Amino acid sequence: MATKKPVQPKPAAPQPSTPDDGGSVVLERLTQRTKPPQMHQVLMLNDDYTPMEFVVVVIQEFFSKDRETATQIMLKIHLDGRAVCGIYTKDVAATKVDQVLEAAKRAGHPLQCVSEPVE
Ligand code: TYC
């Protein structure tokens, strides 16, 4: 049975030296290889029962919006059925959803919140 030889990484090619380089080392800028993380948007959904004021306070508190911006987002949810409250990395977005759902549950409101990857 033929066994495969493990693939060894190629050793770095020796750097050519010029008579006048004085032994100094030139560091080349490496290409950025890490991709930025996939971002997730947190959407809040409309319902017929959660008070508008509660939604505005939740958006201010958990999405760091001023009162005017929070009111505009709440009205967009009310009119369109949903709106983006913020965009975060996956874990942070999941935490925001948990915080909103927990606050709504504590207050006895049916407010719903979801997160989804941004295209
Ligand atoms: N539609 C609700 C009302 O009329 C208000 C509301 C807004 C509820 C946004 C949920 O995510 C929401 N009281």
Side-chain angles (χ1 to χ4, degrees):
M1 189 178 77
T3 53
K4 252 194 189 165
K5 233 174 140 190
V7 180
Q8 295 294 332
K10 254 194 188 166
Q15 294 301 304
S17 155
T18 54
D20 64 341
D21 71 0
S24 60
V25 176
V26 177
L27 296 178
E28 279 180 43
R29 197 177 290 280
L30 290 174
T31 318
Q32 179 82 42
R33 281 178 211 284
T34 48
K35 280 189 288 173
Q38 163 80 75
M39 301 304 278
H40 291 248
Q41 56 191 16
V42 178
L43 296 135
M44 219 177 274
L45 311 182
N46 190 35
D47 66 70
D48 293 338
Y49 306 101
T50 304
M52 290 183 174
E53 175 61 19
F54 180 81
V55 177
V56 171
V57 170
V58 162
I59 294 171
Q60 281 184 268
E61 190 166 325
F62 297 122
F63 300 95
S64 308
K65 306 296 187 198
D66 60 35
R67 190 159 174 91
E68 200 181 313
T69 306
T71 303
Q72 285 168 2
I73 295 172
M74 181 281 294
L75 286 174
K76 183 169 171 55
I77 303 165
H78 180 70
L79 295 172
D80 297 350
R82 55 176 51 206
V84 175
C85 295
I87 299 179
Y88 309 94
T89 55
K90 190 175 184 183
D91 288 358
V92 174
T95 301
K96 300 283 177 192
V97 171
D98 288 349
Q99 288 173 326
V100 170
L101 295 180
E102 180 60 29
K105 198 171 159 188
R106 269 176 64 92
H109 299 312
L111 181 62
Q112 291 299 302
C113 185
V114 296
S115 70
E116 65 181 28
V118 178
E119 277 97 75

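Both counts, for ligands and for their atoms, begin at 1 and track the order of listing. Bear in mind the structure is a predicted one, so any value in this text is a computation, not a measurement. In this chain, residues are counted from 1 in sequence order.
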Report yes if Asp47 has an N/O atom closer than 3.5 Å to an N/O atom of ligand 1; otherwise report no.
->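 Yes; at least one N/O pair falls below 3.5 Å.
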Is there at least one pair of N or O atoms, one from His78 and one from ligand 1, spaced under 3.5 Å apart?
-> yes
Transitive ILVMFWY cluster of Val57, excluding itself - 4.5 Å side-chain cut-off |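 Joined to Val57, directly or through intermediates: none.
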Backbone N or O of Gln41 within a donor-acceptor pair of the Glu116 side chain at under 3.5 Å?
->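 Side chain of Glu116 to backbone of Gln41: no pair is present.
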Just by distance, do the side chain of Ser115 and the backbone of Ala93 share a donor-acceptor pair under 3.5 Å?
-> no
Tell me which protein heavy atom sits closest to atom 6 (C) of ligand 1, plus the residue, atom name and distance to 0.1 Å.
->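 Checked against all protein heavy atoms, atom 6 (C) of ligand 1 sits closest to Asn46 OD1, 3.4 Å.
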Which residue holds the protein heavy atom closest to atom 9 (C) of ligand 1, what is that atom called, and what is the gap in Å?
-> Ile77 CG2, 3.5 Å
For His109, which residues count as a ring pair (Phe, Tyr, Trp, His ring centres under 6.0 Å) partner, sequence neighbours excluded?
-> Phe54
List every atom of ligand 1 that sits less than 4.0 Å from any heavy atom of Thr50, numbering the atoms from 1 in the order shown and giving each element.
->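 Once the distances to Thr50 are compared, the set is 2 (C), 3 (C), 5 (C), 6 (C), 8 (C), 13 (N).
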Check ligand 1 against Leu111 and write out every atom of the ligand that is under 4.0 Å from a heavy-atom position of the residue.
-> 10 (C), 11 (O), 12 (C)
Dump the intermediate steps for side-chain contact (heavy atoms from CB on, under 4.5 Å) on Arg82 and Asn46, then the final yes or no.
-> CA-CA 6 Å; Arg82 55 176 51 206; Asn46 190 35; over 6 Å; no
Output yes when Lys96 and Glu61 qualify as a salt bridge under the 4.0 Å nitrogen-oxygen rule, no when they do not.
-> no
Report the part of Leu45 in contact with ligand 1, treating N, CA, C, O as backbone and CB onward as side chain, heavy atoms under 4.0 Å; options are side chain, backbone, both, neither.
-> backbone
